[in-house]
K.L.:
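Structure in structure tokens, see below.
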Amino acid sequence: MSLYIIVLWTCLLFNTVSSKILTQFGCEGSTVSLTCSYGYYISIVRANYGRFSISVCNHLAREWGTDCGSEERSTERLKKMCNHLPTCQVPVNSSLVPT
């Protein structure tokens with residue numbers, strides 16, 4: 001089964017939240033790049049690693065279960081990894097965020 005990550009984040013400037021929440025998907029084996037403009041830094045809103053949609057990262061249209069995810073662990077791991085940085089590279093694999 002091919003798993004993936006979805007990351008929602010915003011860019012902050014001196015603790016002022018941007019009204020725009022950004023979303024990035026990454027299939028297992030890829031790297032997700034989170035980037036904020038100069039002077040802003042990343043604030044993770046939510047992240048989930050697993051499989052929760054049959055249509056994402058499913059190039060062969062297989063019938064996989066969609067009830068596996070790890071939102072709480074994924075969110076906390078990415079907050080520790082990326083919060084307060086201007087850019088962050090997230091490798092999409094189970095060693096980063098175990099399901």
Side-chain angles (χ1 to χ4, degrees):
M1 177 182 339
S2 180
L3 304 178
Y4 63 93
I5 195 165
I6 179 172
V7 182
L8 283 75
W9 83 99
T10 189
C11 295
L12 300 178
L13 176 65
F14 304 115
N15 292 326
T16 303
V17 178
S18 166
S19 60
K20 184 176 182 181
I21 294 179
L22 305 163
T23 304
Q24 183 76 35
F25 287 89
C27 298
E28 190 172 28
S30 68
T31 300
V32 171
S33 296
L34 310 179
T35 304
C36 291
S37 299
Y38 179 78
Y40 288 79
Y41 60 88
I42 296 167
S43 177
I44 299 295
V45 174
R46 183 174 67 233
N48 201 346
Y49 175 77
R51 169 137 309 273
F52 22 89
S53 171
I54 195 69
S55 63
V56 178
C57 298
N58 187 3
H59 308 292
L60 300 176
R62 294 192 172 132
E63 290 294 326
W64 286 320
T66 58
D67 60 347
C68 56
S70 59
E71 182 175 344
E72 186 175 313
R73 287 178 298 181
S74 301
T75 300
E76 288 308 309
R77 183 70 188 262
L78 263 68
K79 282 182 176 182
K80 288 179 184 175
M81 186 176 165
C82 300
N83 272 5
H84 306 291
L85 298 175
T87 64
C88 187
Q89 303 296 311
V90 181
V92 183
N93 60 59
S94 61
S95 65
L96 175 67
V97 185
T99 55

K.L.:
Measuring from atom CZ of R46 to atom OG1 of T23, what distance do you get when rounded to the nearest 0.5 angstrom?
P.N.:
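Reported value, rounded in 0.5 Å steps: 8.5 Å.
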K.L.:
Minimum heavy-atom separation for G26 and V32, please, with both atom names.
P.N.:
CA-CG2, 3.6 Å
K.L.:
What pair of heavy atoms forms the shortest contact from I44 to V7, and how long is it?
P.N.:
CD1-CG1, 3.9 Å
K.L.:
Distance check, rounded to the nearest 0.5 Å: R77 atom CZ versus R73 atom CZ?
P.N.:
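Answer for the CZ-CZ pair, R77 versus R73, is 11.0 Å.
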K.L.:
Would you say the side chain of C11 lies within less than 4.5 Å of the side chain of L22, judging by non-hydrogen atoms?
P.N.:
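L22 vs C11: side chains touch.
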K.L.:
Hey, could you give me the OG/NE2 distance between S43 and H84, rounded to the nearest 0.5 Å?
P.N.:
7.0 Å
K.L.:
Do the side chains of L85 and Y40 join up, straight or via other hydrophobic residues, at under 4.5 Å, putting them in one cluster?
P.N.:
no
K.L.:
Once you round to the nearest 0.5 Å, how far does OG1 of T35 lie from CD1 of I42?
P.N.:
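Answer for the OG1-CD1 pair, T35 versus I42, is 6.5 Å.
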K.L.:
Shortest non-hydrogen contact from Q89 to M81?
P.N.:
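The pair with the smallest heavy-atom distance is O-CE, 3.1 Å.
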K.L.:
Please tell me if the side chains of Q24 and W9 come closer than 4.5 Å, counting only heavy atoms from C-beta onward.
P.N.:
yes
K.L.:
Could you give the distance from CG (L13) to SG (C36), rounded to the nearest 0.5 Å?
P.N.:
10.0 Å
K.L.:
Determine whether a donor-acceptor pair (N or O, by modelled atom type, separation under 3.5 Å) exists between the side chain of T31 and the backbone of P91.
P.N.:
no
K.L.:
Measuring from T10:OG1 to L34:CG, what's the distance to the nearest 0.5 Å?
P.N.:
11.5 Å
K.L.:
Just by distance, do the side chain of S74 and the backbone of Y49 share a donor-acceptor pair under 3.5 Å?
P.N.:
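Indeed, once roles are kept as given, a pair shorter than 3.5 Å links the two residues.
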K.L.:
Flag yes if L8 and F25 sit in one hydrophobic cluster, no otherwise; membership is Ile, Leu, Val, Met, Phe, Trp, Tyr, and two members link when side-chain heavy atoms are under 4.5 Å apart.
P.N.:
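Both belong to a single hydrophobic cluster.
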